[in-house]
Amino acid sequence: MHEHELFLKEKEEIDMLLQNDCKIVSVKENLSGAFVSFQLADQTDEERITTLHLLTPDARIYLTNQLSTKKMEESRT
Amino acid sequence: MDSPTANHQWKIFDELKPDLKPKEVMEEANRCLFCFDAPCAKACPTGIDIPLFIKKITTGNMKGSARVIMDANPMGATCARVCPTEELCEGACVLNDASLPIMIGDLQRHATNWAMKNQQQLFEAGEANGKTVAIIGGGPAGLSSARELARLGYKVTVYEKNEKAGGLDTYGIVPFRLPQEISLWEVSQIEKLGVTIQTNTEVGKDIPIATVLNDFDAVILAIGMANVPPLSIPGEDLDGVYDAIQLIENVKDGRVPNHFKGKKAVVIGAGNTAIDAATCLKRLGAASVKMIYRRSEAEMTAYPFEFSFAKQDGIEFNWLAQPKRIIDDGQNHVAKLECVSMELGAMDASGRRRPIEIENSDFMIKADVVVKAIGQSRYTSFIEALGLEHEQGIVKVDAETYQTSNPKVYAAGDVIFGNGIGEAMVVAAAEQGKRAAYAIHDYMLSKI
Amino acid sequence: MANLQIDFAGIKSKNPFWLASGPPTNTGYQVQRAFEAGWGGAVWKTLGDPVINVTSRFSGLNYGGQRVAGFNNIELITDRPLEVNLREINETKKKFPDHVIIASLMVEPKQEKWHEIVKRVEDVGVDGLELNFGCPHGMAERGMGSASGQVPELVEKQTYWVKEAAETPVIVKLTPNITDITATAYAASQGGADAISLINTINSLMGVDLDTWHTIPNVAGKGTHGGYCGPAVKPIALSMVGECAKQPDINLPISGIGGIENWRDAAEFMLMGATGVQVCTAAMHHGFRIVEDMIDGLTNYLDEKGLDSVMDLVGQSVSKYMSWGDLDLNHKVVALINQDYCIHCNKCHIACEDTAHQCIEFFTDANGRRSLKVREEDCVGCNLCSIVCPAEGAIDMIDKPSDISMTWNERQRLLHTFGG
Ligand SMILES: Cc1cc2nc3c(=O)[nH]c(=O)nc-3n(C[C@H](O)[C@H](O)[C@H](O)COP(=O)(O)OP(=O)(O)OC[C@H]3O[C@@H](n4cnc5c(N)ncnc54)[C@H](O)[C@@H]3O)c2cc1C
Ligand SMILES: Cc1cc2nc3c(=O)[nH]c(=O)nc-3n(C[C@H](O)[C@H](O)[C@H](O)COP(=O)(O)O)c2cc1C
Ligand code: SF4
């Protein structure tokens with residue numbers, strides 16, 4: 001698979017979770033890439049946490065772009 | 001009938017040799033060794049600092065590059081195209097032995113193209129010194145002296161009998177080697193220095209000689225040479241007989257006659273003009289073009305590159321043949337050319353072997369068109385009217401100062417070319433024009 | 001016409017082009033020829049206790065048919081007595097009062113030695129002093145040159161001693177043979193230097209002769225490491241100038257040196273913070289006459305840019321020279337192949353396929369010709385294809401602006417708030 005296709009797949013996963021009002025609760029980056037933990041909307045239950053493992057650099061910067069826009073929107077409202 | 005310059009037709013007269021591509025320019029310019037005391041610069045009659053202009057191309061200083069060229073040679077853009085560089089700068093390049101000579105002409109063309117495209121005015125007029133100079137003839141020699149005098153602060157008036165200035169650069173050298181706009185750009189560079197160029201003004205006809213001689217502090221005679229002389233053989237006045245220079249002049253000025261299509265043409269002569277006329281006729285659609293020359297290949301005055309260009313164009317050569325008579329078709333039009341075969345005898349005054357007729361060797365060549373290209377005649381009567389010493393129409397000048405027998409009158413260019421000295425070249429005319437200008441300046445300074 | 005005059009640490013020069021200390025500035029005869037050719041100033045061949053040089057001394061790096069892409073030397077400082085040099089400096093200065101002469105100095109790291117030489121050269125009327133803490137060979141074995149210049153404390157102390165005695169501006173010439181040149185630049189400023197100049201030559205061995213196994217250049221079959229300079233060192237010198245220029249606590253004018261051959265190189269050094277430049281190898285390769293195009297080309301360039309003075313260039317690019325962490329991670333460029341200019345050498349394809357991101361693909365165009373195109377979405381915009389492309393205009397790198405910018409540093413801060 002071309003790297004771009006892998007990125008599109010990862011982006012889709014991020015988008016889907018964010019669209020479903022999931023909240024990012026933590027981002028950890030290490031030798032294996034980025035691990036992003038999402039908490040499903042209106043849930044505080046530890047069980048309801050999903051973790052995405054992002055491999056592509058494009059997905060990792062996409063993620064932080066989304067985070068940053070979200071942050072800006074939040075600070076505006 | 002002359003047809004308007006339809007685009008598709010004109011294409012055949014587009015410049016033959018393409019411009020160098022950017023990559024070629026950089027590779028070639030960087031190949032130049034930047035020699036010190038370089039032989040190429042010494043081989044250039046105008047002494048362009050060739051390594052320097054090429055260095056400036058490598059550093060991207062295009063304006064500086066164009067200035068170096070045009071400073072030494074006011075016809076630098078024309079010369080980039082028409083100089084016999086193999087015989088001059090490129091022939092002297094030290095790389096001839098080590099690898100291949102630098103394409104100096106093409107690089108010079110690149111740098112001057114840049115100046116043309118970017119509409120750069122490269123020089124300024126000097127502070128006015130109150131002195132006036134008249135220049136008769138607006139060809140390379142006249143324009144070159146006008147440019148230098150204007151830079152030295154003289155008020156210069158150029159009288160030119162044609163509608164446009166530039167001399168043979170504008171009217172005489174075939175457009176596929178030298179488009180007219182190149183010459184006209186050089187003219188405009190000079191006009192912008194405040195030089196008055198009075199076109200459509202023939203001295204001796206439209207303005208009296210005395211006026212020119214009396215109204216200025218000095219005069220430069222730069223009238224070049226005249227039309228092709230007569231062959232002095234029967235049939236010369238028939239329809240279908242042309243003067244090579246007039247033929248080219250028409251084409252150069254944008255008129256493309258279509259009455260040469262499919263015709264059998266014969267060009268008499270084997271000099272630069274003859275080659276230009278022959279290749280021109282090919283482009284005008286002549287079915288066949290033969291060149292007739294009374295000597296052999298070894299004696300012809302055209303350059304080897306011109307000769308090979310003509311051969312590529314499919315021109316045929318008839319060596320050792322002398323025209324005797326042009327025969328008509330009964331309707332006052334050319335039908336045949338009667339020739340006689342020649343052989344070479346002892347050396348003559350020009351250092352070439354004299355052609356001698358072989359008895360009973362007459363032969364006929366079928367022809368619809370005969371073009372005379374046996375050199376150019378002189379404006380002898382005009383020169384006499386000016387009261388200048390001359391030898392068969394070649395004005396006598398001091399070898400250093402270009403001063404004529406009238407101390408107020410200087411002469412440069414083709415008007416002083418002859419008797420086996422030097423060559424009629426644009427670059428030589430430009431250099432002589434410069435020198436005449438400096439000589440006038442020295443003379444004026446010595447009077448103060 | 002733009003003004004090329006510079007004011008370098010109070011030294012006025014008619015143009016920014018000086019000859020660097022080296023063989024071109026060995027004698028009065030040479031420096032006078034240089035001034036006649038148009039050089040604004042000259043840094044005299046380093047003065048000090050006269051040495052004995054070896055022969056041979058230099059070697060050149062030829063690359064792909066071009067000579068002197070790099071140059072290396074094992075020459076020391078002047079081998080002529082101080083008196084002779086001083087007499088010629090004095091003579092030259094009298095003949096060319098409007099041209100700058102800087103005395104380059106190198107003595108043992110002792111206070112009285114520095115005081116003595118400073119007094120003697122200032123007595124003959126130099127415009128400034130340059131302390132040579134740079135030569136990587138020979139002199140270094142005697143505790144001078146780069147041996148001094150690699151130790152910030154020694155740079156600071158010796159600069160201080162010179163400043164105690166000097167009346168003219170003091171320029172400290174830095175060696176590039178050090179991990180972080182700003183350390184010695186800072187030491188020079190702490191010692192009271194009025195300016196810094198960089199770079200001196202870089203440690204190098206030019207080559208080994210495959211027939212004789214002698215190192216190059218060799219002296220009776222033996223060799224030693226020499227100082228590297230010429231066009232090849234320009235990027236190193238330029239970055240070191242930039243590093244010093246952007247350092248807020250090194251507030252000194254910079255004389256840029258290293259691989260400068262023409263007005264373009266000079267303009268680049270000035271944009272990166274140099275107030276003037278020095279040239280050695282290019283003059284050795286082509287002669288003093290190269291300065292004509294440097295002056296002409298720079299003047300035309302400034303005129304084209306609409307700038308009145310060359311001083312307007314100084315430092316203009318420094319603020320654009322950042323830390324990596326301050327570059328925008330979202331900015332994209334992608335390669336685009338212009339079919340009209342492509343000459344089908346396929347070098348971009350193999351470069352990308354083997355050593356980049358495998359995104360230049362073959363396809364058959366409308367005329368049935370095998371051609372190449374970039375799969376844009378996988379192109380990381382590394383520039384490799386356009387670097388190896390030999391055809392002018394065949395590969396453009398196209399900007400793909402992004403709405404948001406995010407640098408690495410910003411991203412780290414953002415992630416921090418998520419426990420990253
Ligand atoms: C067909 C042909 C091809 C050539 N090819 C080359 C070539 O490839 N390379 C090369 O270097 N040279 C070539 N030449 C030669 C070159 O053109 C001449 O050497 C050069 O033009 C001479 O310059 P000039 O100024 O002396 O004369 P000209 O160019 O002849 O200019 C003289 C000017 O004076 C004007 N004039 C004449 N009488 C008067 C008057 N009474 N009043 C006012 N104005 C007057 C004329 O109209 C003309 O404009 C060629 C010549 C010809 C004919
Ligand atoms: C042969 C040679 C001798 C040099 N001698 C000296 C010297 O005596 N003092 C000095 O400060 N630098 C000396 N240098 C270094 C130059 O001044 C300059 O810093 C270096 O060559 C980089 O510039 P360039 O690339 O223009 O040559 C010498 C360089 C060369 C090539
Ligand atoms: S340049 Fe050549 S001739 Fe001159 S000193 Fe060096 S080796 Fe000798």
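Keep in mind it's a predicted model, so treat the numbers as computed, not measured. The sequence lines fix the lettering, A, B, ..., with proteins before strands; numbering per chain opens at 1.
- Between the side chain of Gln66(C) and the main chain of Asn30(B), a donor-acceptor pair closer than 3.5 Å is present.
- Around CD of Glu400(B), the count of heavy atoms belonging to other residues, nucleotides or ligands within 6.0 Å does not exceed 12.
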Stepwise side-chain contact (heavy atoms from CB on, under 4.5 Å) check, Phe34(B) with Arg289(C): CA-CA 10 Å; Phe34(B) 195 44; Arg289(C) 64 204 164 119; 3.5 Å; yes

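- Using a 4.5 Å cut-off between heavy atoms, Asp296(C) touches chain B through backbone and side chain atoms alike.
- Atom CZ of Phe305(B) is surrounded by more than 12 heavy atoms from other residues, nucleotides or ligands within 6.0 Å.
- Under a cut-off of 6.0 angstrom, the local environment of CZ in Phe36(B) is sparse, with at most 12 non-hydrogen atoms contributed by other residues, nucleotides or ligands.
- Within 6.0 Å of NZ on Lys21(B) lie no more than 12 heavy atoms contributed by other residues, nucleotides or ligands.
- Note: Thr59(B) leads Thr59(B), Thr58(B), Leu52(B) in heavy-atom pairs under 4.5 Å with chain C.
- Within a 6.0 Å radius of CZ in Arg33(C), other residues, nucleotides and ligands contribute 12 heavy atoms or fewer.
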side-chain contact (heavy atoms from CB on, under 4.5 Å) evaluation trace for Lys55(B) with Glu292(C): CA-CA 10 Å; Lys55(B) 180 88 180 168; Glu292(C) 194 277 344; over 6 Å; no

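- Once rounded to the nearest 0.5 Å, the distance linking CZ of Arg67(B) with CG of Asn300(C) reads 8.0 Å.
- Atom OH of Tyr341(C) has 12 or fewer heavy atoms from other residues, nucleotides or ligands within 6.0 Å.
- Between the side chain of Lys23(B) and the backbone N or O of Pro390(C) there is at least one donor-acceptor pair closer than 3.5 Å.
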What's the verdict on side-chain contact (heavy atoms from CB on, under 4.5 Å) for Asn61(B) and Tyr301(C), showing C-alpha distance, side-chain angles and the deciding distance? CA-CA 8 Å; Asn61(B) 180 8; Tyr301(C) 172 73; over 6 Å; no

